[in-house]
Structures are given as structure tokens and as C-alpha cells.
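Values below: every heavy atom of this structure, side chains too, minus hydrogens, waters and symmetry copies. Chain identifiers are assigned alphabetically (A, B, ...) following the order of the sequence lines, protein sequences preceding nucleic acid strands; residue numbering begins at 1 within each chain.
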Protein chains: 2
Amino acid sequence: MGLTERRQLILKLVIQEFVETALPVASETLVRKYRLGVSSATVRNEMAALEDLGYLTHLHTSAGRVPTDAGYRFFVENLMERTALSLAERRMIRHQFYQVRGELDQWVHLAGAVLARTAQNASLVTPPRAADLLRFRHLELVAIHESMVLLVLVFHGGIVKQQTLPLESARSPEDLRRIAARISDALADLSLPGIEDLLARELKQIPATFGEFERLVIDHVMRAMQSFEEQAQEQIYSDGLLEMLSQPEFLPSLAREDAERAVERTRHALEILKSGRGLGALIPQALASSGVQVIIGGENSTNEMREYSVVLARYGVDRAVVGVLGVIGPTRMAYPRSISTVRYISSVMSDLLAELYNAESRSAEGDVDPE
Amino acid sequence: MGLTERRQLILKLVIQEFVETALPVASETLVRKYRLGVSSATVRNEMAALEDLGYLTHLHTSAGRVPTDAGYRFFVENLMERTALSLAERRMIRHQFYQVRGELDQWVHLAGAVLARTAQNASLVTPPRAADLLRFRHLELVAIHESMVLLVLVFHGGIVKQQTLPLESARSPEDLRRIAARISDALADLSLPGIEDLLARELKQIPATFGEFERLVIDHVMRAMQSFEEQAQEQIYSDGLLEMLSQPEFLPSLAREDAERAVERTRHALEILKSGRGLGALIPQALASSGVQVIIGGENSTNEMREYSVVLARYGVDRAVVGVLGVIGPTRMAYPRSISTVRYISSVMSDLLAELYNAESRSAEGDVDPE
DNA sequence: TGTTAGCACTCACCAAGTACGAGTGCTAAC
DNA sequence: GTTAGCACTCGTACTTGGTGAGTGCTAACA
């Protein structure tokens with residue numbers, strides 16, 4: 001990169017300043033605030049050069065400089081100091097996870113809340129999901145009353161799903177227990193295709209292995225697995241809307257622009273988070289790569305996300321369960337902090353899952369936690 | 001109510017018009033649009049009278065009339081025509097619930113989504129909850145690996161909860177099954193205080209009934225029940241933010257006011273829905289009374305909710321499980337439609353739960369569904 | 001007594017005009 | 001290569017005047 005030391009410094013300062021204030025950065029401001037030892041005119045010349053190189057822009061002639069996507073990219077790649085969260089913050093976060101350690105379904109919510117609060121932006125988290133296909137572990141049948149039975153399905157990875165099944169005729173508890181045990185044994189460790197295979201084979205046997213009712217139950221099991229696999233694709237939990245909307249981009253009072261812009265942006269942000277459009281595409285990508293991914297503004301595949309950046313990381317246990325978590329916000333984002341937050345929470349979640357699975361943690365690389 | 005026919009008509013029309021357009025209503029508009037057969041001056045006189053009575057206001061001298069909270073109240077109580085959702089809408093809604101009938105945990109989400117879409121406002125739904133204390137039904141222990149076991153707890157009412165428990169030493173599946181069966185039997189049908197009693201009694205027996213590990217498991221069961229009871233208090237699921245924010249109150253383009261107002265309102269709405277402040281107080285109230293409740297603007301106990309109205313109804317099965325669902329939006333709300341929507345969805349949810357419980361449906365009164 | 005035409009009055013909304021100031025780009029001197 | 005100086009640009013804020021919607025009041029009318 002043919003960028004002199006000084007230009008790198010100026011680019012870095014412009015970005016830091018802009019991220020902090022959300023206001024275009026003037027040459028004079030930099031000189032005054034950071035005691036650059038040169039005059040504002042010199043800084044202006046450098047800024048003009050950085051603009052030619054595509055790292056900065058101008059809204060109009062008499063406005064300060066603003067970083068471009070390329071500018072942020074260069075910053076993230078070369079200029080940024082890789083910081084870690086403070087010990088106090090790390091402790092607090094660990095403590096919160098510790099408090100809900102027994103309740104798997106709380107982890108995702110907590111991760112979303114903590115990400116949002118720590119990075120002061122919206123967060124997104126996908127639940128931990130089997131790296132390969134969902135595999136059956138155990139079935140329990142519990143009668144709710146004489147004509148309704150509850151299927152409680154446990155899958156590998158501690159995933160529990162429930163499903164109700166109306167009964168034609170009442171069944172005794174022993175009966176149900178026996179049937180559940182039989183099915184549990186028969187389907188143990190099978191994935192959906194495995195169960196289909198099994199059924200296909202059984203169908204040919206003349207003294208049928210499964211009775212009519214057992215078939216019905218298995219059918220419901222399969223349907224539940226099917227619907228879970230489908231839902232899992234698009235399940236993105238999101239939090240921190242309020243945190244993100246506290247960024248000046250969405251507040252007309254601070255950003256001097258038209259207040260209408262703020263309203264439009266707000267609606268737009270809501271739609272993105274609600275629909276998950278533009279986000280869904282990022283998930284597989286994040287699952288495929290290790291480490292923290294940063295997608296800046298126009299680098300997003302969809303045009304909708306042009307004004308947003310996403311910081312993503314995978315979490316989970318290798319070859320068992322994995323998920324994705326991250327932060328989303330305006331391109332004017334405190335990247336160092338977002339990145340360390342995402343990295344840290346990914347490592348915490350990975351540790352938790354590793355404990356659950358009795359395996360090595362496999363979070364975003366690096367970032368050991370000295371506690 | 002000493003209100004002449006004509007004044008009632010005018011009040012009704014003002015409200016209808018204002019709800020539709022979100023713009024202050026001029027006397028001339030009413031005359032033109034509804035062919036009142038009198039002059040605008042007469043209407044103005046009547047409006048002035050309605051203003052004296054507290055049913056209408058004025059932002060400033062030369063602006064049209066706007067209903068007050070008292071005006072809406074009178075409308076809801078005396079003027080409103082009680083409509084029902086169209087057959088097509090009812091069919092579509094039933095159909096959607098039919099599609100997820102087996103998956104209890106989807107009901108709440110679906111109800112929230114449907115309420116929001118149908119009433120074009122935000123919705124809130126509390127999950128069905130045992131009318132009295134949570135009662136234990138069944139426990140299953142599933143080993144995840146040699147040093148981690150998953151407790152799957154089933155409570156009366158088909159509520160399932162999971163909890164992990166680290167093991168000191170590995171246990172065989174038979175061992176776990178035996179222990180789970182023992183505990184399931186011992187705790188069957190007990191509520192939290194009941195379990196505490198049981199433990200207290202057992203403690204005195206000299207050859208202890210439960211081993212150390214069994215005590216640990218029971219302890220976790222109790223903790224899970226405890227945390228569920230606590231969480232249930234404040235669990236309010238909410239949806240339809242986007243629908244509500246599509247109301248002109250939040251869009252600067254339509255409402256002529258300052259765009260900054262719209263932004264402020266948006267933030268305010270977000271905070272209310274996220275924190276549940278001001279909403280929590282309404283739930284017990286709605287649980288206590290049958291029928292649809294309408295709380296208009298300043299009638300809310302908290303000042304925060306001054307500009308919002310809430311339409312709430314209880315749903316569920318008497319003496320078994322009940323929940324609350326409703327719509328929240330600006331006081332300028334299509335009350336007839338909101339009310340029929342809430343009433344209808346309450347009845348659908350109640351039917352579903354009744355089926356699950358093999359009991360009589362006990363929704364908001366009235367509103368039989370002819371399908 | 002209720003209704004209505006007429007009219008003065010109020011006030012939000014809009015467009016145009018003006019002044020201000022922050023910040024740049026350029027030039028010429030160092 | 002650096003910098004002082006200065007003209008130029010353009011957003012922001014504030015003022016002004018005009019317009020129109022809508023009311024409130026009054027006086028005449030049925």
C-alpha cells in the first residue's frame with residue numbers, strides 16, 4: 001500500500017473522530033485536537049490525496065471529510081489497534097452467562113442482549129445448530145388427558161422439541177411408556193433420512209414391526225424434525241434495536257440533517273432486522289469461515305444494506321453444533337470494539353457449548369480469556 | 001347522557017374521520033362528506049358544545065376538531081357499531097392456527113403476528129400460564145455425554161422446560177431412567193410448595209428415601225420451577241412494531257407536525273414495548289375480568305402511556321391455563337376493528353387450548369364463530 | 001329557539017431573502 | 001514540501017410576507 005505514514009495517521013484520525021462525533025471532520029479540528037505539528041492546509045492537502053485514493057469523501061465543497069467504505073476497510077485491515085474488552089467487562093459478561101448456565105434456551109437471548117449493550121448496536125444470533133443433520137436421541141410420551149398426548153423429543157445436542165398428538169382412544173401410561181421406549185430404541189441416533197430408510201425397510205417385513213399407532217407417532221416425529229430443519233435455516237434472533245437507534249444517525253437532534261432522514265432510516269433498519277433480508281445470506285458465509293468477519297456497507301451483497309456494517313463470528317463446537325452471532329449497525333461503527341465484543345462473546349458461548357458437549361471449544365480464533 | 005342525537009352523530013363522525021385520516025376534522029368536511037343537511041356553521045356550534053362537554057378539542061383556534069380521551073370513551077361505550085371480522089379473515093386466521101396446531105410454542109408467536117397484521121398496530125401476548133401454581137408432571141433424564149445430563153421437565157398443561165446438570169461421575173442410562181421414574185412418581189402432581197413439604201417430611205426419615213444424587217436432581221427441578229414462576233410474571237411477547245410505526249403518528253410525511261416529534265414518538269414506543277413498563281400493570285387486570293377491556297390514553301395508570309390505547313382480552317381454559325392478548329397503538333385507533341380482532345383471536349386461542357385440555361373454551365364472552 | 005350567511009381573525013405552512021460561519025481549494029511565498 | 005491568505009461554497013438559522021384553512025361571532029332569518 002503506497003500510503004505514507006502521515007496519510008495513514010490522518011486517515012486513522014479522521015475515522016476515529018468521525019466515529020466518535022458522527023460529524024464530518026475538518027482539517028483544522030484534527031490539527032487542534034491531536035497536535036499534529038503541521039498546519040491545517042497541509043492536512044487538507046493530505047486529505048485531498050486520500051480522497052483521490054478513494055478513502056475519504058466530501059458531501060459538498062465546504063464540508064469536512066467523511067470516510068468511504070474503502071476507508072473503513074483500510075482502517076480495519078491495517079490501521080486499527082486490536083483491543084480487548086476490559087477485564088471488568090469480561091468478568092461481568094462471564095458472570096451473566098454463568099447465572100443461566102443450566103438453561104440452554106437462555107443463552108441465545110443473553111448473547112443478543114450482551115452484544116447489543118456492549119457494542120451499542122443491534123445484535124443478531126442464530127441458535128446453536130447441529131453442524132450436520134439433526135439426530136434423534138429420545139422420545140417421551142406424556143398424556144395430557146385421555147385424548148391428547150404430548151411428544152417430547154430430545155435430539156442430539158440437547159435440543160428439545162414438543163409436539164401434541166390427539167388420540168383416537170385413550171392409552172394407559174404404561175402403554176405410552178412402552179411405545180416411547182420402543183420408538184426411542186428404534187430411532188436412536190438416526191437423522192431424518194435415516195428414519196426414512198428404516199421405515200422403507202420395515203415396510204417390506206410381513207409381520208410389521210410397528211403398529212398403526214406407532215407409525216403415527218413416528219410420522220409426527222419426522223414432521224417435527226422436518227419443521228425444525230426448515231425453521232433453523234431462517235431463525236435469526238435479534239436484539240438491541242433501541243441501542244442501535246440511539247446512534248446519532250437515527251436522531252435528528254444531533255445529526256443536523258433533515259429529521260425525515262432519521263425516520264426513514266429507522267423504518268429501514270426495522271425492516272432489515274425484522275425480515276432478515278440481506279442478513280440471511282451472511283450466515284452461511286460466517287459459518288464457513290473461522291475468525292471474525294467484517295462486512296462494510298456496500299460490500300454487502302444486497303443494496304439494502306449499503307449503509308450498514310456487520311461484524312460476525314461463528315461460535316460452537318467443531319463437528320457438533322455451531323451458530324453465528326454478530327453486531328449490525330451504521331457503517332460509522334466502532335469497529336475495534338465491535339470486533340472484540342463479537343470475538344469475546346463467541347468464545348464464551350463456545351466454552352459453554354464445549355462444556356455441554358465435553359469437547360474442545362472452537363470459537364473465533366485467538367482471544368484467550370485469562371480468567 | 002344528555003347528548004342529542006345530532007351531537008352523538010357528529011361526535012361519531014368526527015372520530016371516524018379522524019381515525020381514518022389522522023387530520024383534525026373541519027366542520028365543512030363533515031357537511032360535505034356525509035351530507036348532513038345542515039350548514040357548517042351549525043356543525044361548528046355543535047362541535048363547540050361537544051368541546052364544552054369535554055369530548056373534543058382544538059389544537060389552536062383555526063384548526064379542526066380532534067377527539068379527547070373522553071370522546072373516544074363515549075364512542076366505544078355508546079356510539080360504536082359492534083362489527084365482526086369478515087368471514088374470509090376469520091377463515092384465514094383459523095387456517096393459520098390450524099397449520100401449527102401441534103406446536104404449542106408457536107401459538108403465541110402466531111397470535112402476536114396475526115393480531116398485529118389484522119389490527120395494524122403492535123400486539124402483545126402472554127403465554128398461557130397455569131391459572132394456579134405450576135404443577136409437576138414428569139421428569140426425564142437424558143445423558144448428553146458422560147458428565148452432562150439433560151433434565152426434561154414436563155408440567156401440567158403441556159409446558160416443557162429443559163435444564164442441564166453436570167455430573168460428578170458417569171451414570172448408566174438404566175440408572176438415569178430408574179432415578180427419573182422414581183422422582184417422577186414421587187413428585188407427581190405437586191406444586192413447588194408441595195415439593196418443599198415433601199422434602200421436609202422426607203428429611204426426618206432415618207433411612208433417607210432419596211440418595212444424594214436424587215436430591216440434587218430434585219433441587220434442580222425446584223430451581224427450574226422457581227425460575228419459571230418468576231419469569232412467567234413478566235413474560236410479554238410483543239410483535240407488530242412495524243405495523244404500529246406505519247401509523248401516521250410516526251410518519252412525518254403525512255402528519256404535518258415537526259418530523260422530530262415522529263422520531264421521539266418512535267423511540268418512546270420502542271421503549272414501552274421493550275421494557276413492558278406500563279403494560280405489566282394491565283395484565284392482572286385483564287386476567288381478572290372476562291370480556292374485552294379497552295384502556296384509552298390517559299386512563300392508563302402510567303403517564304408514559306398517555307398517548308396510547310390498549311385493547312386486551314383474556315384467553316384460555318377456566319381453572320387450567322389462561323393468558324392475555326391484545327393490541328396497543330395510538331389513541332387514534334380503529335377501536336371497532338381492534339376489539340373484534342382481539343375478541344376473535346382470543347376465542348381461537350381458547351378453542352385450541354380447550355382442545356388440548358379437553359375442556360370447555362372460555363374466551364372473551366360472545367363472538368361465536370359460525371365456521 | 002334553532003339555523004345560517006357573512007366576515008373578521010387566527011395560525012400553520014410555504015417560499016423567498018438574508019446573514020452567518022464553517023470549511024475547503026487554490027495560489028503564491030517561504 | 002509547507003503554509004499563510006483569501007476567495008468561494010454551501011448548509012443552517014432566522015426573518016418576512018403571503019396564502020388558505022378553519023374557527024368564532026354576530027346579526028338576520030324561519
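Using a 4.0 Å heavy-atom criterion, one finds that B:V43 contacts no nucleic acid atom at all. When heavy atoms are screened at a 4.0 angstrom cut-off, B:T61 is found touching the sugar-phosphate backbone but no base atom.
Distance A:N45 CG to C:dT24 P: 11 Å, rounded to the nearest Å. Spacing between atom CZ of B:R44 and atom P of D:dT26 amounts to 14 Å, rounded to whole angstrom units. Between the C1' atom of C:dG2 and the CD1 atom of B:I10 lies a distance of 13 Å, rounded to the nearest Å. Atom CZ of B:R65 and atom P of D:dG22 are 12 Å apart (whole Å). Spacing between atom CE of B:M47 and atom C1' of D:dG22 amounts to 10 Å, rounded to whole angstrom units. One interatomic measurement links the two molecules: CG of A:L59 to P of D:dG11, which rounds to 9 Å at whole-angstrom precision. Across the protein-nucleic acid pair, B:L30 atom CG and D:dT23 atom P stand 9 Å apart, rounded to whole Å. We find that CZ of B:R6 is positioned 12 Å from C1' of C:dT1, with the value rounded to whole Å.
For C:dT4, the OP1/OP2 oxygens have a side-chain nitrogen or oxygen of B:S39 closer than 4.0 Å. Between C:dC11 and B:H58, no contact under 4.0 Å exists linking OP1 or OP2 to a side-chain N or O. One finds no side-chain N or O of A:H60 lying less than 4.0 angstrom from the OP1 or OP2 phosphate oxygen of C:dG23. Regarding contacts with the backbone of C:dT4, a side-chain N or O of B:T42 is found under 4.0 angstrom from either OP1 or OP2. At D:dT23, one or more side-chain N or O atoms of B:S27 fall inside 4.0 Å of OP1 or OP2 (strictly under the cut-off).
For B:S62, taking side-chain heavy atoms from C-beta onward, the closest of the listed nucleotides C:dC11, D:dT3, C:dT4 is C:dC11.
When atom types are taken as modelled, the side chain of A:R265 and the backbone of A:E249 share a donor-acceptor pair closer than 3.5 angstrom. Panel note: side chain B:D69, backbone B:G297; no donor-acceptor pair is recorded below 3.5 Å.
Side chains of B:Y34 and B:E17: a donor-acceptor N/O pair is present below 3.5 angstrom, by distance only. Checked by atom type, the side-chain pair B:R332/B:Q247 shows a donor-acceptor distance below 3.5 Å.
Using N1 to N3 plus N6-O4 or O6-N4 for Watson-Crick, or N1-O2 and O6-N3 for G-U wobble, each under 3.5 Å, C:dC30 pairs with D:dG1. In this structure D:dC6 sits in a base pair with C:dG25, meeting the Watson-Crick or G-U test at under 3.5 Å.
Side-chain contact between A:L124 and A:L312: present, with at least one pair of heavy atoms (C-beta onward) separated by less than 4.5 Å.
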